[in-house]
Amino acid sequence: MLDVRFIRENFELVKEAIKNKGEKLSIDNFLELDTKRRKIISEVDQLKHKRNQVSEKIGRLKKENKNAQDLINEMKKVSDRIKILDSDIQNIEKEIYDIIIKIPNIPHPSVPVGDESHNKLIKNWGELPEFDFTPKDHLELGKELDIIDFSSASKIAGGGFALYKGLGAQLERALINFMLDLHINKHGYTEIFPPFLANRESMFGTGQLPKLEEDMYLCKEDDLFLIPTAEVPLTNIHRNEILDGAKLPIYYTAYSACFRREAGSYGKDTRGFMRVHQFNKVEMVKIVLPETSYDELEKLLADAEEVLQLLKIPYRVVNLASGDLSFAGAKCYDIEIWASVEKKFLEISSCSNFEDFQARRIEIKFRRTKNSKVEFVHTLNGSGVATARLMISILENHQTDEGTVIVPEVLRKYMGEINIIK
RNA sequence: GGAGAGGUGCCGGAGCGGUUGAACGGGGCGGUCUCGAAAACCGUUGUUUCCUUUAGGAAACCCAGGGUUCGAAUCCCUGCCUCUCCGCCA
């Protein structure tokens with residue numbers, strides 16, 4: 001959410017950003033509403049000032065047992081007028097709110113303008129594997145090695161779910177632990193183990209609502225949503241708080257299962273692990289000083305990249321163009337890993353700087369020193385990383401001509417030193 | 001699920017419907033004292049919005065949202081949350 005004053009003073013810039021993000025939204029009546037709102041507030045504040053003074057006088061008169069009926073009658077009228085104006089303000093503020101809640105964040109100057117064809121490749125890492133045999137895809141490998149069982153999963157829960165078995169389950173667990181340990185011990189994050197359900201307010205705070213309600217699993221009885229990412233609980237930890245600036249930056253990491261209905265996504269990239277309703281992810285969230293957020297974004301990206309480097313999975317990094325950027329993002333790097341059989345890159349991590357867009361929405365502020373005024377923090381998050389697609393890449397890239405899979409070295413200590421899945 | 005208690009400022013904790021934005025205590029900040037520190041004493045200590053803008057003035061906020069009233073932290077209703085006891089379950 002942008003600041004009302006900022007919109008008022010940078011109206012053309014905001015319109016430009018809406019266009020560049022590919023949003024269809026007219027904000028032409030904003031300025032009129034904004035002016036009207038301020039005018040009515042001035043009027044009603046004056047009336048309230050009068051009411052406060054006269055009410056005090058009435059109180060004094062009553063104490064002295066004097067008659068105050070004339071004043072009371074007069075104030076009755078004033079109060080009625082105030083009631084009308086207050087409700088006018090409420091209506092206008094609702095209208096304004098409905099507009100600004102739909103205004104996307106302004107892309108950073110370093111973000112390419114245009115649709116996704118303008119995404120800018122930042123780097124390639126690692127050598128794409130070449131096989132002197134016909135490589136199998138992850139579904140085939142998973143089945144033959146008896147480590148991933150999609151058909152049992154669909155018996156239990158329906159399509160779009162996975163069941164890990166034996167070394168498959170161990171491999172999954174190893175990945176999660178490896179990533180958490182890396183972020184905690186080497187990158188300085190604090191581990192959080194959050195609730196996997198979140199209320200409406202939290203979901204709204206991080207922007208999953210109202211736009212994406214259809215994509216969320218909802219427990220109706222309790223009006224709780226299954227979290228689609230640990231970003232929801234992590235970012236909401238400090239909702240409505242004023243933090244001590246000396247304690248920034250704050251780095252949180254968390255493992256969580258992630259639940260997504262993926263409504264309306266049938267037919268596209270749905271095979272196997274490509275798109276599932278429940279997957280595991282280690283998420284990273286940063287709450288930082290505004291002036292540091294772009295440096296922090298580079299570090300966040302590096303933290304996610306290191307996961308892949310240590311697993312020896314080739315990847316590339318893309319700086320998303322304005323039209324491909326998420327609603328709340330000011331800048332975002334996508335990390336895409338190579339799937340050998342699909343012969344394409346799969347998005348596995350998004351590292352975003354939201355600047356103060358999220359913070360404004362959920363009111364995370366800070367004070368630099370004891371007596372300085374409050375400012376909004378900047379927030380960032382990145383996947384570090386999601387395991388489902390990682391599993392595709394590990395199985396497909398590390399397979400041998402014997403149909404076995406070599407366990408990446410860094411995972412072996414989490415798997416009882418098993419080095420090959422056969 | 002049943003019964004009860006409660007949600008007040010950075011924290012603890014008061015608050016007959018009428019100078020209560022909020023007593024009192026603690027903490028923080030500034031100062032006096034001191035070679036320095038502690039103690040003591042004095043002062044100060046929230047956020048948001050609107051108007052005018054050297055400087056100010058005004059409004060709103062005591063979990064949230066409604067209501068009663070000339071006037072509400074204080075009364076009424078709804079919701080949310082926390083705590084205690086019982087039951088049930090892991």
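All values derive from a computational prediction rather than experimental measurement. Proteins come first, then strands; the chains are lettered A, B, ... in the order of their sequence lines, and each starts at number 1.
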Tell me whether the centres of the aromatic rings in Tyr294(A) and His108(A) are closer together than 6.0 Å. yes

Taking the nucleotide of RNA chain B with the closest heavy atom to each, which residue, Arg5(A) or Ile72(A), is nearer the 5' end? Arg5(A)

Partner lookup for rG9(B), please. Criteria are Watson-Crick or G-U wobble with both distances under 3.5 angstrom; report none if nothing qualifies. none

Answer for the Watson-Crick or wobble partner of rA64(B), both distances under 3.5 Å, is rU78(B)

Over all strands shown, is Asn52(A) touching base, sugar-phosphate only, or nothing at heavy-atom distances under 4.0 angstrom? sugar-phosphate

What is the distance, to the nearest angstrom, from the CD1 atom on Ile242(A) to the C1' atom on rC11(B)? 15 Å

Under 3.5 Å for both donor-acceptor distances, Watson-Crick or wobble: does rU44(B) have a partner, and if so which one? rG28(B)

Would you say a side-chain N or O of Arg38(A) is under 4.0 Å from OP1 or OP2 of rU49(B)? no

Check the interface with nucleotides 15-23 of chain B: list each N/O to N/O pair with the protein under 3.5 Å, or write none.
| residue | atom | partner | partner atom | Å |
| --- | --- | --- | --- | --- |
| rG18(B) | N2 | Ser55(A) | O | 2.9 |

Contact class for Arg200(A) (heavy atom, under 4.0 Å): base, sugar-phosphate, or nothing? nothing

Without hydrogens or angle criteria, can the side chains of Gln90(A) and Asp86(A) be said to hold a donor-acceptor pair below 3.5 Å? no

Are side-chain N/O atoms of His187(A) and Glu306(A) paired as donor and acceptor at under 3.5 Å? yes

Out of rC70(B), rU47(B), rU68(B), minimum distance to the side chain of Met75(A) belongs to rC70(B)

Pair assignment for rU53(B), Watson-Crick or G-U wobble, requiring both distances under 3.5 Å: none

For rG87(B), give its Watson-Crick or G-U wobble partner with both distances under 3.5 Å, or none. none

Would you call Asp149(A) and Lys165(A) a salt bridge, taking side-chain N to carboxylate O under 4.0 Å as the test? no

Between Tyr255(A) and Glu191(A), does any side-chain donor sit less than 3.5 Å from a side-chain acceptor? no

Presence of Gln53(A) side-chain N/O under 4.0 Å of rA59(B) phosphate oxygens OP1/OP2: no

Are Gln358(A) and Thr379(A) close enough that a side-chain donor and a side-chain acceptor fall under 3.5 Å? yes

Heavy-atom pair with the smallest gap, counting every atom of Ile41(A) and Glu93(A): CD1-OE2, 4.3 Å

Side-chain atoms of Lys48(A) come closest, of rA60(B), rU68(B), rC70(B), to rA60(B)

